[in-house]
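Proteins come first, then strands; the chains are lettered A, B, ... in the order of their sequence lines, and each starts at number 1. This structure is a prediction, so every number in the text was calculated from the model and none was measured.
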2 protein chains.
Amino acid sequence: MDSEIPAPLLAVLERREMLTQPVRAALGSLPWRLQVVGDGREIIPEGFRPTEVCLLLDGMAADMRYLASGDRQITTLHVPGDFVDLHGLFVKVLDHGVLALTDCQIAVVRHEDVRRAMLDDPAIADLVSTMIARGAAIQRTWIVCMGRKDPVRRIGHLVCEMSARVLAPRHGQGHRFEFPITQAELADLAGLSVVHTNRALQELRATGLVAWQGANVVIHNWTSLATFAGFDPTYLGLVQDAG
Amino acid sequence: MDSEIPAPLLAVLERREMLTQPVRAALGSLPWRLQVVGDGREIIPEGFRPTEVCLLLDGMAADMRYLASGDRQITTLHVPGDFVDLHGLFVKVLDHGVLALTDCQIAVVRHEDVRRAMLDDPAIADLVSTMIARGAAIQRTWIVCMGRKDPVRRIGHLVCEMSARVLAPRHGQGHRFEFPITQAELADLAGLSVVHTNRALQELRATGLVAWQGANVVIHNWTSLATFAGFDPTYLGLVQDAG
DNA sequence: CGTCTTCTTGATACGATTCAAGACGGGTGG
DNA sequence: CCACCCGTCTTGAATCGTATCAAGAAGACG
């Protein structure tokens, strides 16, 4: 629509990655269009063969897969600044669908334009690969939570992660952030029943570490919650890691 | 050691990806050294800052993370042809360790050499990104299995996947392959106790779809097993997908 | 032959799912 | 403004699944 206003695209990416000036320039000149997807609608259907990538500008989305049984499993959450289907540049068929958990605003960029930018500046190619690798690390961590953490810690870990991905983490301090996910969606993410998710949430609130009402999550003591949930932010590769 | 004999490196990679002649040439000229890691030893420790990538030539390895409780969770298995730490090119600190599940032979290549090859030929950069993206798809699929599949199907799915990754899948036919994993390791992979893993295995064998004794797995009816376990190979992006 | 690891089994306790139903809250139409 | 409706959250009770504990059997290895 309005490729003459690249600001939001850059602004949202810079929350996540440190961008050099040439990279900023290259990203800023990428043609893109805005797309709006309503709460509960599919951004990308499972099995799609994408020719574009989608950068989430606003809202929350989830990668998800349906089973033959009718069950579904959410594999990752996406927050503004995430490309929801970046790996579509490298694998032809998407193995999951992407669901809008809220009303979402998306910047859509054609594969060929991204590929050209990657060829023109290898730093762009690096950025793309880094984002894919980070997404994989998040999934890996979630496997650990699903396999070896009880539901309360599992959700506690999720709260830590989402707060770190949405905000700049300030350890030891309180955090407040918006987490507009229903308990049914949380259940499909955590691999639990809705009923049990509800009870795990109550238990988590009962620890006093977290207040969670509606879409508002308040972490009263970040460090204690991280310790309780076994959250180690290494895998997020955030900026403090300048080594 | 012997960078004048690149054949095994290429041979093992070509089981997985279709390589063009220039890519073959570039990979063939990469300097590398052979490393041998014994059964049960760590190939890479958790939290390592790698300066090299490791290509598994022979054996089986597992990405894994320890929890404070002493529990551990395996997040992915690696078979010959997999780079076990390719994402180390893009993230500085590895968020997991890599464990040799058998005696392993590994080709070690320095990051700087891989990076040079990526710059010289963007097709190499693409190959690297594709392998990372495929690894992520495998993890995503495992999240689905852990969250929404009962233990029997979970292990059944794993058998399908490993057979597809080790062999060229021939649907509807029987398969035999080596799967040298202990039940304790399987438990840490599936997020189960050892006892329950044992019982799930017995139940899987009782279906008659799979025979599994020691390191030898025989799939009697691939299609039935895939249906039973809900295995859809799309995510592996194997060669049949030439679209 | 003995020792160690891996596999197997039974019994018990706990955790999670399921079913069913009610409470709450936001939005819509009368 | 109120009544209603629908989606979401919450609760209780019964059932099933899974972990845990403990011990024995089967192999592998020296």
Interface polar pairs with nucleotides 25-30 of chain D, N/O, under 3.5 angstrom:
none

TODO: Rounding to 10 degrees, work out the angle separating the end axes of the helix from C/dC1-D/dG30 to C/dG30-D/dC1 (five pairs an end).
DONE: 40°

Open item on the list: For the residue pair A/Gln73 / A/Tyr66, report whether a side-chain donor-acceptor contact shorter than 3.5 Å exists.
Closed with: no

TODO: Establish, from distance only, whether the side-chain atoms of A/Thr76 and B/Arg140 form a donor-acceptor pair under 3.5 Å.
DONE: no

Rounded distance (Å) that lies between atom [atom2] of [N] and atom [atom1] of [X]:
{"X": "A/Leu186", "N": "D/dT8", "atom1": "CG", "atom2": "P", "answer": "13 Å"}
{"X": "A/Asp188", "N": "D/dT8", "atom1": "CG", "atom2": "P", "answer": "12 Å"}
{"X": "A/Ile155", "N": "C/dA16", "atom1": "CD1", "atom2": "C1'", "answer": "13 Å"}
{"X": "A/His196", "N": "D/dA14", "atom1": "NE2", "atom2": "P", "answer": "19 Å"}
{"X": "A/Trp212", "N": "D/dT8", "atom1": "CH2", "atom2": "C1'", "answer": "14 Å"}

Between [X] and [Y] (side chain of the first, backbone of the second, donor and acceptor by atom type, cut-off under 3.5 Å), is there such a pair?
{"X": "B/Asp85", "Y": "B/Gly88", "result": "no"}
{"X": "A/Thr102", "Y": "A/Met60", "result": "yes"}
{"X": "B/Ser224", "Y": "B/Asn221", "result": "no"}

- [ ] Looking only at non-hydrogen atoms, find the nearest pair between A/Leu55 and A/Val12 and report the distance.
- [x]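 Nearest heavy atoms, A/Leu55 then A/Val12: CD2-CG1, 3.8 Å.
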
Task: Test side chain to side chain contact (heavy atoms under 4.5 Å, CB included) applied to A/Phe48 - qualifying residues, sequence neighbours left out - done: A/Ile44, A/Pro45, A/Pro50

Task: Which residues share a side chain to side chain donor-acceptor pair (under 3.5 Å) with A/Asn216, sequence neighbours left out - done: none

Protein-nucleotides 3-9 of chain C N/O pairs under 3.5 Å:
{"residue": "C/dC7", "atom": "OP2", "partner": "B/Gln183", "partner atom": "N", "Å": "2.7"}
{"residue": "C/dT8", "atom": "OP1", "partner": "B/Arg205", "partner atom": "NH2", "Å": "3.4"}
{"residue": "C/dT8", "atom": "OP2", "partner": "B/Gln183", "partner atom": "NE2", "Å": "2.6"}
{"residue": "C/dT8", "atom": "OP2", "partner": "B/Asn198", "partner atom": "ND2", "Å": "2.5"}
{"residue": "C/dT8", "atom": "O5'", "partner": "B/Asn198", "partner atom": "ND2", "Å": "3.2"}
{"residue": "C/dT9", "atom": "OP2", "partner": "B/Gln202", "partner atom": "OE1", "Å": "2.6"}
{"residue": "C/dT9", "atom": "OP2", "partner": "B/Gln202", "partner atom": "NE2", "Å": "2.8"}

Open item on the list: Quick check: A/Phe231 with A/Trp222 (ring centres under 6.0 Å apart)?
Closed with: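 Yes, the ring of A/Trp222 comes within the 6.0 Å limit of the ring of A/Phe231, centre to centre.
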
TODO: Go through the structure and list residues passing ring-ring contact (aromatic ring centres under 6.0 Å, His included) with B/His96, not counting sequence neighbours.
DONE: B/His87

